[in-house]
Structure formats: C-alpha cells, structure tokens
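Notes follow once the structure below has been shown.
Below, read A as the first sequence line, B as the second, and so on, with proteins coming before strands; counting in each chain starts at 1. Source: prediction; values computed, not measured.
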Amino acid sequence: MDGYNFAYLDEQTKRMIRRAILKAVAIPGYQVPFGSREMPLPYGWGTGGIQVTAGVIGQDDVLKVIDQGADDTTNAVSIRRFFARTTGVKTTEKTTEATLIQTRHRIPERPLSEGQILVYQVPIPEPLRWLEPRETETRKMHALQEYGIMHVKLYEDIARFGRIATSYDYPVVVNDRYLMKPSPIPKFDNPKMDNMPALQLFGAGREKRIYAIPPYTKVKSLDFDDHPFEIQQWDENCALCGSENSYLDEVVMDDQGGRMFVCSDTDHCESRQSDGHVGPMGTQQAAE
Amino acid sequence: MYVAVKGGEKAIENAHRLLAQDRRGNPGVPELTVVQIKEQMSLAVDRVMTEGSLYDRDLAALAIKQARGDLVEAIFLLRAFRTTLPRFATSNPIDTTAMKARRRISATYKDLPGGQLLGPTFDYTHRLLDFALMAESEAPDVATSPSNDEALPRVTSLLNAEGLIEQENSDDTAPVSDLTREPLDFPANRDLRLQNLARGDEGFVLAMGYSSQRGYGNTHPFAGEIRMGEVEVVIEPEELGFAISIGDITVTECEMINQFKGSATEAPKFTRGYGLSFGEAERKAMAMALVDRSLRARELGEEVQNPAQDEEFVLYHTDNVEASGFVQHLKLPHYVDFQGELEMVRNLRAEQAHVHAQEQMLKAGE
Amino acid sequence: MLMNSQDVRPLPGQPLPGFAVPVHDSQRVFRGILDAMAHPGKIVELTDLPDAPKALNKASVAVCLALVDFETPLWADDAISAQAQAVTHIQFHCGCPITTAPEKARFALLSQGTDLTSLKAFCHGTDERPDLSTTVIVQAEGFGGGEDVRLSGPGIKTETTLSITGVGTGFWQAVRDNAQRFPRGVDLMICTDEAIVCLPRTIEVED
C-alpha cells in the first residue's frame, strides 16, 4: 500500500510491540501494558490482534484469519485484506499451511504444530474485571496471586445453578501462576491451550495489553474437585462432514424449530469433506 | 441443501460502494468542497481537530466530508492518520498569556486590564432559526475591532499576586506523559489527565462536568477567564540549539477558579481547573476545566465519592474512538459464544424442570 | 543508513553499517529472538547479520538493532564501554540513551566471560509490573562442547540440554537465582556470532 510501511505500523511502533511480546512470553499469562496505537480499524474489532500480527509478520509468512472459526466471516475477510494490502504476504484458509493464524473466538480444530503462531483478538484482557472494575485493584490481585474472588464467583454459580455457568472466555491459570482470560473462545477450546506446541499471543488494542502462552505450557481451566471442568457436547454430528467431536454452529432452517448443526471451523469441515467424510445433509465429495 | 455462507468479500465491496453513493447524496446537488467545510463548518472542524489530537484544518475538513458529517467517525479517521506520522520534535509549551485574543471574558470581575472582549460567540444570540440562511446569502459586513493588541494579564495571575490562589507548577522542563505512546497508568498525573480530557469526547466530558455542578462533587466553580485566539508554536531542535516558530494555531483556554476550604495544614484558598482545546471549542474547554478540578480531589485531600472525581472511571471512558468501537463491535458475529450460551441455558432449564418434576412426585407420594 | 559498506572503511570510533534492509532484517531477527524466547534453551541460528565492532558479537548487535531505540536506555559493562566504536555503533543505529545506572536499563550488554554477579543490580520489575525488568544480552563464545545443563519450564516440551562456552563460572547459579524471583526477574539473551539462546526468568535449571 503506497505511503505506508510494511504491515502498516512504523518501525518504532513495531519495536515497542515486539519488546512487549517478548516480555509477555517470558512471563506466561501476565498482561503487559503496551502503547497500543490507533489503527485504521475500529477498537473492539481486532486492533490488538492486528498490532500483534503486524509486529510479528514477515515476507515469508503465510497468514490465515478466522472469526467464529470461519475464514469467510466479514471481519476475518476485512483483516485478511488489510494484511494482504499492507504486506503482500501469502494468505490461506488451510490451518496446516499457515505459519501465522489470527483468530477471533475460536481455536482451529486441527491441532497446531510447533513453529506456528496463534494470535488471539482480545476484547477485555482482565479476568477479574467483571468482578472488580478497578485496574489498580486487579493489578494488586495479580501481584499477590490473590484470586479468591474468582473462586467465590465460580462457587456461587455452583450453589445457584449446580454448575459453573460460564460457557465462553472461561478463566484459566497459566503455568500455575497467572489467572488469564483466554479471550471469548468457547470453553470447548480451552483444553487445546494446554501444552499446545504452537506459540499463543494475545492482543487487546483498546485495553492496551499483550499477553502470551509459550509452547508446551500448562494451562488449567479453573474448577473444583467435585465439579471438574467440562466442555460442551452435542447430541448431533456435523450435518456436512459428520464430525462427532468438533464445535458446532446451530443453523436455524425455518421458523418451525427446524435446525441443523455444522462445524464452526470451516477449514476443518471442508478438509474432512474432501477426505470423503460425509454427514447426514452433506454430499459425497472425494469419490476419486 | 444448506451451504455455508460464502461471499463476505463481495458483500464488503458492495457495502463500500453503497456508502460512497450515500455520502455523495443526490448527484444533481453540487458536491460539498473541503474548503467549504473548513470555512463554514469551522466549529465541527475544531472539534475534530481537538479530539483527533491533530491540528490540521484541511485534513479535519476532509475527514468530516468522508465521514458524512459523523464527527466521531471523522475523529477516528484523523486519529488513524495521526498514528502514522513521524515525530520531529516536541514543541515548547504554548504561551497563552501572549495570545492574540479574539475573545476574552471573565465572570469573576466586572472589568479587568485588557477588558472583556466578546468576539464571535453564540452567547446572547436568540436561538431563532434564521430562515434567510435557507437561501445562499451575501457575506456579512466585516465587524469592527475583532482583535485586541493590548496585553491581557491572566485573572489567575491577579489572584496569585495576592496569594489567594494555589501556585501553579511551572516546571516546563519536566518530561510530559503521552498516552498515545504509553498506556494509562494509575495514579495518573495531571499532565496525563489533561491530555486524556483534551482528547476526550465533548459530550462525555460535558456530562461529567455538569454532574459535578449538580451536586455529584460540588467544586464551586467560577469561570475565572476564557480566552480564544492565536498563539505561536515554537520548537527548539536539539541540533539547532535555538527556538524557531513553526506557525500560529487557534486555541480556546478556560481557567476555572474553585473554592478550597483548606485543610489542617493549608489555609483556605482558591484552586484551579484548566481546559484547553484547539480552535473555538469553548463548551469543551469549560467542561474540561470542571472535570480537571474534580479529578484533583485526591491530590487536594478531598474525599473521592462521585463519578467525576474518580480518575479510573473518567479517564477510561472519555475516548469516543475506543467507546464507539467497543459498543459497535457487538455487531460482529458472536454466534460461537451464543451457541455456548444456548447450550448452557437449555441444560440449566432441563435440570430445573427435572428437579421440579422430582419435587412434584415426592409431594404426590406423601 | 548513511554509509555504504563497500566504499567506506570506518575510522576507529565510527559506526559500522547496520542492517542492509532495516524493515525486513529487524523482523527476521525479531522472529529468531521470539523463537528463542518461546523455546528456552533452543539454539536459534541468525544468519546474514551485519558486522559487529570490537567487544560485541554479531547476534548481540543484531538484537540491539532489532529491539533497542530511544525509549529503551541501554547499559554496557566496562569492557564494552571502553570500546568507543562499540558504543557509538549501537547509539548511532538505535538512538538509545546510554545509562550508567544498571537499575534504569531496559537492555544491558555484557562481555563474553562475564560472571553474572551484576545481574542483581539490574531492574527486576515489581510484582505489579514484572515486565519493566531489564533484558540482559550476554555474549558467549559458543553453544555445545561444554558441560551440559538440563533445562525445563514453559516452552520446553519435557526437558532439554544446553551447554554454553565463554560465560563466567557463576553463570548457571545466577540463572537459578534469577528464576527464584519470579514473577520478577531479568530475561537473558545469550548471543554468539551466529546464534541466540534465550533464558527467560521461567527457566528451571536442574542440578
């Protein structure tokens, strides 16, 4: 793009972001404040993830951008176009081909491998924020590893509902030290974060925080001995590829209660279909 | 058969085309020029420059045109451009005492050296729609004595001479924070708070200031002085070693004088609230001065018990580019998380129905 | 940059050329550092680096060119500070302030063979802001060929071994002591002419 630097940001800004990323990796799960810049996309629409990606991306990278697990959702398209215009790097929809994946709200179904980097867009980075609105207070709690209010909140859920009533952005503890918000991924994805071979980077632009989970790092979803952490399950399989263990989107078919369930990870679903898997409403693809 | 929705890219392109078409409006009507906006929508330009943190009338006018008159969107456009600009120097503090004032009023004295100068103001206009403006009108007659060459001593300096008002820290060499480079950190110093308020949304700052007048933290303000006019911007590049003027800018400055009852160690005296905006943005400068004074509660040993005194609450929520983005991000797809919530609510309802049914059976069996 | 490496032989005390293509070279070096920081103990090769002045090695210079600037005060030990060209070179390319107060340094440069007793003097951050700690660039002779140390911690699948030559005798003890301060602590970047290894504060050094 004429008149702008590679990956849009100026070099000084990239250095600042890169330094923050390195400290984030060195202190797993700790939120590093950074001088988040105004981006040409609105705050709340992925500016943190975009700044992290812009700080990391190089000419040889292959970039994949997903939102809700899909490459084709409008915001994913918009962010992918932004990087295609400002860097000229190769983009892909294939999880396996990507060196760099920016995501909003999902972790791909296919396990990521060492060397890949997963960049999460984060709206509210502070796991204690909805329990304590003051940054000065939550910062102290992290310093003292004082996470009692979170346990109380979860326990109150159990007392009231018989279970922990959080279905997404489910809090985790990283490396037995920092309480961390995994961004609004469904809790279904939480187990994928644990000991993941890929590097996980988190960017919150409006809130001006970067944090990270190095590869092969312990990530534990909070729970209690008598109420262990559980993930969502469906009675249905994916209608298109027949997958029994992927996160499903519910698609409303009519106003009579008709609905179907399909994989939220579109690349996963398409790969399975081209491998010959077929669901109850799908069609055979790979006959040859 | 269901097929996953495709065509996000095409939909976006279409939306952009429709937007361009609506921005232009009826092509039979002549297109608005940037110069016209700059000259005739000058207060909109001033607001966009102030909250956009960039003094450039042409670019602010362009942003307003591009944003179809949506000023928050225009501020966003200007800010996004501003981030890409390299920094050549930091200016010396502007000297508003040396302002070539076009307006200068004080509510605390009937008359004062340099006099009261109304200048171009909506004050004392009767807010009657001027139907003559429905037609394109001739330029009005040039007004007389638009500016004042007399020196204008500051009202606060007059009070200062008597020792009635707190001393202002005048250390111009101390480093100044910049929240566009470093994220907010608390407790925030006054320089950071003022920068935040200057960039802050006029409506929000106005409402916060208003709340402090209505009893949510009464600071007993008097408009000590409001002045608007041109000041010189001076930089001192290290390699040159001397100061050079890079041009004049228009600013509006407001100094509020507020009561302070004193404390165990300090005698009663007046305190200050300060507001400054680019161009003519008097409402903003006044509101800013009110909120600045409210936010000084901590350093003045006042009890913090109202929203306008709460620096985390105020400073985290002033920025309309941040606020607009986050509020509007709710338009983005959230169906993955919603699916999780659907599953949860269905399960909770099923469990409750199950428990309820068991209770009914137990009752029936008794 | 201002000079062309082919034509100009720099005078003593003058800077050498920096990155050939600063935008992409900085990114490439940063990705190497990130790989190293994400996989503590992993030897990450850095290739096609510009020359280093006396008292510095190529990787340590490349790290500075990629990460240091006017916002990050740099501290250098006596042996490096004594080499006018080394300091000029870094300052010319990075525009960073040079500090003599180790606790104010965001980056520090240590000579080959230094024992790490000086680590204590650097900024370790606070419990509330552990990220404000100094990043310490330690120059070494090479990796491998010395006594293997077993490492574990975040970024390491099970465990890994590493040997470093050309560091002081107290090196590993200092690394252990540093890890005790978690979440406070410095992060180490061990640099040779061709490679970098990172030892962040999370590293566990087995006895």
Side-chain angles (χ1 to χ4, degrees), chain A residues 5-7 10-12 14-35 54-61 87 99 114-115 117 136 139-145 174-178 195 197-201 210-219, chain C residues 19 21-40 42 63-72 94-96 106-107 125-133 135 152-160 182-189 198-203:
Chain A
N5 195 16
F6 179 83
D10 61 279
E11 289 302 296
Q12 196 280 325
K14 285 188 203 166
R15 272 193 301 273
M16 178 272 296
I17 290 169
R18 287 167 182 167
R19 292 191 296 257
I21 291 172
L22 291 171
K23 285 297 178 194
V25 173
I27 318 167
Y30 165 78
Q31 302 163 50
V32 179
F34 81 111
V56 167
I57 199 166
Q59 290 166 305
D60 300 332
D61 275 307
T87 67
T99 56
E114 192 167 322
I117 299 176
T136 39
R139 189 158 282 283
K140 270 183 221 144
M141 292 176 190
H142 284 294
L144 300 169
Q145 204 176 345
V174 179
N175 194 33
D176 294 322
R177 176 57 179 83
Y178 280 102
N195 269 300
L199 170 64
Q200 303 175 73
L201 302 176
I210 286 173
Y211 52 104
I213 305 173
Y216 308 114
T217 298
K218 182 177 169 191
V219 178
Chain C
F19 284 138
V21 191
V23 170
H24 299 300
D25 287 344
S26 324
Q27 188 276 338
R28 185 171 56 84
V29 169
F30 163 71
R31 278 293 277 277
I33 302 169
L34 180 62
D35 189 20
M37 191 63 89
H39 301 92
K42 176 179 172 182
V63 168
C64 290
L65 299 189
L67 297 177
V68 175
D69 60 28
F70 69 92
E71 292 185 327
T72 54
C94 303
C96 57
R106 299 302 294 272
F107 284 86
T126 62
D127 284 337
E128 292 194 10
R129 289 296 303 274
D131 58 299
L132 295 178
S133 67
T135 299
S152 59
I156 301 171
K157 194 170 183 181
T158 49
E159 59 171 36
T160 185
F182 192 87
R184 297 186 304 122
V186 300
D187 304 301
L188 302 179
M189 296 179 178
C198 288
L199 297 173
R201 64 194 85 178
T202 48
I203 197 78

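For the pair Arg201(C) (side chain) and Ile27(A) (backbone), a donor-acceptor distance under 3.5 Å is absent. In terms of modelled atom types and a separation under 3.5 Å, the side chain of Tyr30(A) and the main chain of Glu128(C) share a donor-acceptor contact. A donor-acceptor pair under 3.5 Å is absent between the side-chain atoms of Arg15(A) and the main chain of Ala66(C), judged by distance alone.
Residue with the most contacts toward chain A among Leu34(C), Thr158(C), Leu132(C): Leu34(C) (heavy-atom pairs, distance under 4.5 Å). Among Tyr178(A), Phe6(A), Tyr216(A), the residue making the largest number of heavy-atom pairs under 4.5 Å with chain C is Tyr216(A). With chain A as the partner, the residue from Ile33(C), Leu67(C), Thr202(C) showing the most heavy-atom pairs under 4.5 Å is Leu67(C). Ranking Asn195(A), Asn175(A), Ile21(A), Leu22(A) against chain C, the residue ahead of the rest is Leu22(A), based on heavy-atom pairs under 4.5 Å. Note: Ala26(A) leads Ala26(A), Ala7(A), Pro214(A) in heavy-atom pairs under 4.5 Å with chain C. When each of Pro200(C), Pro130(C), Pro183(C) is scored by its heavy-atom pairs under 4.5 Å with chain A, the top score falls to Pro130(C). When each of Glu114(A), Met16(A), His142(A), Lys218(A) is checked for heavy-atom pairs under 4.5 Å with chain C, Glu114(A) comes out on top.
Atom-to-atom distance recorded for Asp61(A):CG and Gln27(C):CD is 6.5 Å, nearest 0.5 angstrom. Here CZ of Arg28(C) is found 10.0 Å from CG of Asp60(A). Values are rounded to the nearest 0.5 Å. Here the straight-line distance linking atom CZ of Arg177(A) with atom CZ of Phe182(C) works out to 6.5 Å at 0.5 Å rounding. Between atom CD of residue Gln59(A) and atom NE2 of residue His24(C) there is a gap of 3.5 Å, rounded to the nearest 0.5 Å.
Side chains of Thr135(C) and Arg19(A) form no contact here, defined as non-hydrogen atoms less than 4.5 Å apart. No side-chain heavy atom of Glu11(A) sits less than 4.5 Å from a side-chain heavy atom of Pro22(C).
Contact annotation for Thr126(C): neither backbone nor side-chain heavy atoms come within less than 4.5 Å of a heavy atom of chain A. Proximity to chain C is limited to the side chain of Leu199(A), based on heavy atoms less than 4.5 angstrom apart. Contact annotation for Lys14(A): only side-chain heavy atoms (C-beta onward) come within less than 4.5 Å of a heavy atom of chain C. Both the backbone and the side chain of Gln12(A) come within contact range of chain C, each with at least one heavy atom under 4.5 Å from a heavy atom of that chain. For a residue to count as touching a neighbouring chain, one of its non-hydrogen atoms must lie under 4.5 Å from one of that chain's; by this rule Arg129(C) touches chain A with backbone and side chain alike. Interface remark: Ile57(A) contributes backbone atoms only to the contact with chain C (heavy atom separation under 4.5 Å). When heavy atoms are compared at a cutoff of 4.5 Å, Asp35(C) does not approach chain A at all. For Asp176(A), no part lies under 4.5 angstrom from a heavy atom of chain C.
For Ala38(C) against Val25(A), the heavy-atom pair with the smallest separation is CA-CG1, 3.8 Å.
Every side-chain hydrogen bond (donor to acceptor under 3.5 Å, both in side chains) that Gln31(A) has, sequence neighbours left out, goes to Glu126(A).
Applying the salt bridge (Lys or Arg N to Asp or Glu O under 4.0 Å) test to pairs two or more places apart or on separate chains, those with a residue in residues 20-32 of chain A are Lys23(A)-Asp187(C).
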